[in-house]
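Let me begin by presenting the structure, written as structure tokens, before commenting on it.
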Amino acid sequence: MTARFEARGSTMFLLECLYRAGMDDVVTVEPATGGFAALAGIAVRRDAPPVFVKAFTEPPADDVFVAEAEGLAALRELGGMATPEVILANRELLVLQVLRPRPSSETFWEQLAHALAGLHTSTTHPRFGWHRDNWLGRRRQRNTWEDDGFAFFAQHRLLRWLGQPRVDAALDADDRRALERLCDRLPDLLPDRPACLTHGDLWASNVLAAANGRPALIDPAVSYMWAEVDLAHVWSTAPPPEAQRFFAVYAELTSLDAGWQSRMPIVQLRQHLAVLAQLDDDWGAGDQVRATLAPFRPRRQGI
């Protein structure tokens, strides 16, 4: 009963946001699932196709949805990825074209491998970052330009989460020192790769299908960064069995070395820390962070 009332309250809130934005042909809003930060729904319209809509009851900043819409445009225009059409983006609301559910087929994931490899290999950039900050959920993703990818990853993707209350509660002092040690050793742990345009939040739920059935991406947190931040997110977030072909095809298309899988826990630290900072139920992110940091913890004398 409580969940039903919460869903009804969410859809009414979205309906009111749409009316305030001038979309007065919306008849009703049906709840949508899959996201964790914002309220989301499918708006049924009287004289037009339905649209996907999401909003925050309390937006963390004025630019959250504008930055997301810009990220969708960048993936499409710079990297050739399919993304939903942006119908409206303002402080309060993001309205998008409705996409299709992702099919359960190896062919679909092979198509995604080709599209993602094309994105990563065609958008190399001399610097790491983006011209503005954007958002991972309700937390700002810092995109300050850096010439050095290791420095960028350490400062703006890993160490930036220290000081967040949930992160500090989950990691003890030795864990935090271990993270700093890992950051110091990044040039020894990861290959020196160029920056390219990355989606930045590429887990399976952010992969849907366009009207023609080809892969389409939603919910980006774009930046020019190592391509492996996208690969690690797919690898580390329980992709479906039919996705296994994706990794082989992507590795072949991008000439990945044989040791790429061993790097995934370190690259995925940035996402685990972001989840840890935002969610009470961290989906095991805390355990993953502590396991990855364990080899870098200070050794105790006599142990």
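When reading the values below, keep in mind they use all heavy atoms of this one structure, side chains included, and skip hydrogens, waters and symmetry mates.
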Return the CZ to CG distance between F153 and L190, rounded to the nearest 0.5 Å.
6.5 Å
Short N-O contact, R45 and D25, less than 4.0 angstrom:
yes
W135 side chain near E68 side chain, heavy-atom distance below 4.5 Å:
no
Could you check if a side-chain atom of I266 sits within less than 4.5 angstrom of a side-chain atom of L186, using non-hydrogen atoms only?
yes
How close do F152 and M225 get, counting heavy atoms only, and between which atoms?
CD2-SD, 3.4 Å
Side-chain H-bond candidate by donor/acceptor type, N143 with R157, under 3.5 Å
yes
For R138, does the CZ atom sit with more than 12 other heavy atoms under 6.0 Å from it, leaving out its own atoms?
yes
Heavy-atom closest pair, residues D230 and H199
OD2-N, 2.9 Å
May I ask whether F65 and V86 are part of the same hydrophobic cluster, defined by side-chain heavy atoms of I, L, V, M, F, W, Y residues being less than 4.5 angstrom apart, directly or through others?
yes
Closest contact, heavy atoms only, V29 versus G41
CG1-CA, 4.0 Å
When rounded to the nearest 0.5 Å, the distance separating CG of L276 from CZ of R166 is 9.0 Å
With side-chain hydrogen bond (donor to acceptor under 3.5 Å, both in side chains) as the criterion, how do N212 and R100 come out once you've worked through the C-alpha distance, each side chain's angles and the decisive distance to 0.1 Å?
CA-CA 9 Å; N212 61 5; R100 295 167 52 182; over 6 Å; no
Kindly assign one of parallel, tilted or perpendicular to the pair F246 and W109, based on the angle between their ring planes and the thresholds 30° and 60°.
perpendicular
Find the distance between CG (L293) and CD (Q288) and round it off to the nearest 0.5 Å.
11.0 Å
Can a salt bridge be assigned to the pair E180 and R185 using a cut-off of 4.0 Å between side-chain N and carboxylate O?
no
If you look only at pairs with a residue in residues 265-279, which of them pass as a side-chain hydrogen bond (donor to acceptor under 3.5 Å, both in side chains), with sequence neighbours excluded?
Q141-R270, D201-Q271
V53 versus L94: any side-chain heavy-atom pair under 4.5 Å?
no
Short N-O contact, R245 and E106, less than 4.0 angstrom
no
State whether R132 and D63 are salt-bridged, where the test is any N-O pair (Lys NZ or Arg NE/NH1/NH2 against Asp/Glu carboxylate O) under 4.0 Å.
yes
Answer yes when R263 and E228 have at least one side-chain N-carboxylate O distance shorter than 4.0 Å, and no when they do not.
yes
Check the orientation of W226 and F128. Use parallel for under 30°, tilted for 30 to 60°, and perpendicular for over 60°.
perpendicular
Run the salt-bridge test on R181 and D174 with the 4.0 Å N-O cut-off and return the result as yes or no.
no
What do the steps show when you test W130 against H156 for ring pair (Phe, Tyr, Trp, His ring centres under 6.0 Å), and what is the final call?
CA-CA 12 Å; W130 191 242; H156 305 305; over 10 Å; no
Any side-chain heavy atom of L253 within less than 4.5 Å of one from L116?
no
Are W203 and L273 connected, step by step, through hydrophobic side chains (Ile, Leu, Val, Met, Phe, Trp, Tyr) whose heavy atoms are closer than 4.5 Å?
no
Okay, side chain of R140, backbone of N134: is any donor-acceptor separation there less than 3.5 Å?
no
Contact between T83 and Q97 at the side-chain level, heavy atoms closer than 4.5 Å - yes or no?
no
According to a 4.5 Å side-chain heavy-atom criterion applied to Ile, Leu, Val, Met, Phe, Trp and Tyr, with indirect links allowed, do L119 and F247 form part of one hydrophobic cluster?
yes
So do the side chains of L256 and Q261 get within less than 4.5 Å of each other, counting heavy atoms only?
no
For L197 against T123, the heavy-atom pair lying closest together:
N-OG1, 3.0 Å
OG (S10) and CG (L39) are apart, to the nearest 0.5 Å, by 4.5 Å
Going by side chain to side chain donor-acceptor pair (under 3.5 Å), name the residues that satisfy it together with W235, two or more places apart in sequence or in a different chain.
none
Within a strict 4.5 Å, meaning less than it, do heavy atoms of the V222 and L75 side chains meet?
yes
Judged by atom type as modelled, is there a donor-acceptor pair below 3.5 Å linking the side chain of R177 to the main-chain atoms of F296?
no
Separation of F150 CZ from L158 CG (nearest 0.5 Å):
12.5 Å
More than 12 foreign heavy atoms under 6.0 Å from CD of E252: is that the case here?
no
Looking at every non-hydrogen atom in both residues, tell me the closest pair between Y224 and R127 and how far apart they are.
CB-O, 3.6 Å
Give me the atom names and distance for the closest heavy-atom approach of A216 to A210.
CB-N, 3.9 Å
Under 4.0 Å between a side-chain nitrogen and a carboxylate oxygen: does that hold for R290 and D172?
no
Taking the side chain as every heavy atom from C-beta outward, state whether V167 and L171 have any atom pair closer than 4.5 Å.
yes
Partners meeting salt bridge (charged side-chain N to carboxylate O under 4.0 Å, His left out) with E92 (sequence neighbours left out)
R20
Distance col, row L202:CG vs S236:OG, nearest 0.5 angstrom, shows 11.5 Å
Is the centre of the Y250 ring less than 6.0 Å from the centre of the H120 ring?
yes
